[in-house]
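Read through the structure below, which is laid out as structure tokens, and then see the notes.
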Amino acid sequence: MSAPEAYTIAQVPLAAHSFSPDRSAIALSANSNEAYIYARDGYEWQPISTLAQHDKLVTSIDWAPTTDRIVTCAQDRNAYVWTKEADPTNPSQTVWKPTLVVLKINRAATQVRWSPLENKFAVASGARSICICSFDEEMNWWASKQLKKPIRSTVLSIDWHPNNVLLAAGSADMKARVFSTFLKEIDKKPPANVWGDKFPWNTVCGEYNSPSGGWVHTVGFSPSGDALAFASE
């Protein structure tokens, strides 16, 4: 195993980060309402782009490994999908074009993650809900649909199952849950697995209490998707 590499990028806490598909660049939030993209230059990381649309702290970033799109969410209750396009003023250069995703939540967004097929993404929030966002070809925008019941507090973490339909969530109501996010417009019916054989929208396929009675801060599926790990206070 190679030795870890340490770099000083900012003198403030880093609220979120995500690597590019080839890991030659990183998008990060330096505890502000902007996200910055750094590219590796020899033994250093140099800033190359600024993603500036949010007006409050950027809380989470995810960089899609296949489509090369970036999604960000923030305390301003919004999310943006960033797509790399040719700069109209200088075609030899590229710029990141934002598309607003209206989440329809009244509390901060806390975490965002692309699904394995990258045709939708999930946004956790303090509004006791999770937004599942997919692209509406007819309207040419990202639409969102909310998972709500039986969440009773802020959702702190999310993780996708390999089948692109099930989603794990950990929240401040001291629960870890597995939800179905099946959208008939874009999803194929998944085969039966350890979590069940029918997956209508918002089906709770599993619910687990925190052994210590604390907030569930992180969740994660195993590579096969047959097991779920979570950590709590």
Side-chain angles (χ1 to χ4, degrees), residues 4-21 23-40 44-65 68-84 95-115 118 121-133 142 144 151 153-160 167-173 176 214-220 230-233:
E5 300 176 10
Y7 301 92
T8 300
I9 292 180
Q11 300 299 319
V12 295
L14 300 182
H17 74 278
S18 184
F19 280 99
S20 64
R23 304 186 75 82
S24 65
I26 185 172
L28 57 86
S29 166
N31 208 38
S32 74
N33 65 319
E34 296 179 336
Y36 306 95
I37 297 178
Y38 283 73
R40 186 158 186 168
E44 301 294 333
W45 291 84
Q46 302 295 337
I48 58 171
S49 297
T50 300
L51 309 182
Q53 285 293 323
H54 292 287
D55 56 26
K56 290 189 178 179
L57 175 70
V58 175
T59 54
S60 187
I61 304 169
D62 200 25
W63 200 326
D68 200 27
R69 293 181 297 204
I70 296 173
V71 61
T72 59
C73 69
Q75 291 180 355
D76 61 7
R77 309 184 302 278
N78 290 322
Y80 285 90
V81 174
W82 302 81
T83 307
K84 194 183 297 185
V95 294
W96 289 93
K97 180 182 177 181
T99 301
L100 174 65
V101 184
V102 179
L103 301 176
K104 299 178 183 178
I105 54 178
N106 59 6
R107 296 290 187 276
T110 55
Q111 191 174 53
V112 62
R113 290 292 181 266
W114 286 105
S115 69
E118 300 174 19
F121 57 88
V123 183
S125 77
R128 298 189 297 178
S129 64
I130 304 168
C131 299
I132 306 300
C133 306
W142 289 88
S144 67
I151 303 169
S153 191
T154 299
V155 181
L156 301 171
S157 61
I158 48 178
D159 189 51
W160 284 97
L167 181 77
S171 58
D173 62 5
W215 295 1
V216 178
H217 284 281
T218 186
V219 293
F230 66 90
S232 63
E233 292 183 357

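In this chain, numbering begins with 1 at the start of the sequence shown.
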Taking it one step at a time, do R40 and Y7 satisfy side-chain contact (heavy atoms from CB on, under 4.5 Å)? CA-CA 11 Å; R40 186 158 186 168; Y7 301 92; 3.0 Å; yes
query = Are a donor atom and an acceptor atom from the side chains of W63 and D68 found within less than 3.5 Å of each other?
reply = yes
Problem set entry | S29 and T59, any side-chain heavy atoms less than 4.5 Å apart | no
In this structure, CD1 of I61 is separated from CD of Q111 (nearest 0.5 Å) by 12.0 Å
More than 12 foreign heavy atoms under 6.0 Å from CZ of R128: is that the case here?
no
From the list N78, D76, N33, side-chain hydrogen bond (donor to acceptor under 3.5 Å, both in side chains) partner of H54 resolves to D76
Smallest heavy-atom separation, P65 atom then E118 atom, equals CD-OE2, 3.0 Å
* To do: Using modelled atom types only, decide if a donor and an acceptor are shared between the side chain of W96 and the backbone of L51 within a distance under 3.5 Å.
  => no
In terms of heavy-atom contacts, V12 and A30 come closest through CG2-O, 3.3 Å
Here the gap from S157 atom OG to W215 atom CH2, rounded to the nearest 0.5 Å, amounts to 12.5 Å
The reported gap from CD in E34 to CD in Q53 (rounded to nearest 0.5 angstrom) is 10.0 Å
Separation between CD1 (I70) and OG (S49), nearest 0.5 Å, reads 8.5 Å
side-chain contact (heavy atoms from CB on, under 4.5 Å) assessment of T72 paired with V112: CA-CA 7 Å; T72 59; V112 62; 5.9 Å; no
Practice prompt. Please answer whether the main-chain N or O of V155 pairs with a side-chain N or O of T110 as donor and acceptor at a distance below 3.5 Å.
Written response: yes
- State, yes or no, whether a side-chain contact exists between F121 and V101 at a heavy-atom distance under 4.5 Å. yes
All heavy atoms of A64 vs all of P21, minimum pair found to be O-CG, 3.7 Å
Rounding to 0.5 Å, atoms CD1 (I130) and OG (S125) come to a distance of 8.0 Å
In terms of ring plane angle, is the pair Y80 and W82 parallel, tilted or perpendicular, where the classes change at 30° and 60°? tilted
* Asked: Cut-off 3.5 Å, side chains only: do W142 and T99 have a donor facing an acceptor?
  -> no
Practice task
Taking atom CZ of R107 as the centre, report whether more than 12 heavy atoms of other residues, nucleotides or ligands fall under 6.0 Å from it.
Solution key: no
For this session: Say whether, by atom type as modelled, one donor and one acceptor occur between the side chain of T218 and the main chain of A231 under 3.5 angstrom.
Result: no
When rounded to the nearest 0.5 Å, the distance separating OG of S18 from CZ of R23 is 9.0 Å
Take C73 and D62, measure what side-chain contact (heavy atoms from CB on, under 4.5 Å) needs, and give me the verdict at the end. CA-CA 9 Å; C73 69; D62 200 25; over 6 Å; no
From the list I37, L28, I26, T8, side chain to side chain contact (heavy atoms under 4.5 Å, CB included) with W45 holds only for I26
Nearest heavy-atom contact between I132 and A122 is CD1-CB, 3.8 Å
Are any side-chain N or O atoms of S144 and backbone N or O atoms of C131, one a donor and one an acceptor, separated by less than 3.5 Å?
no
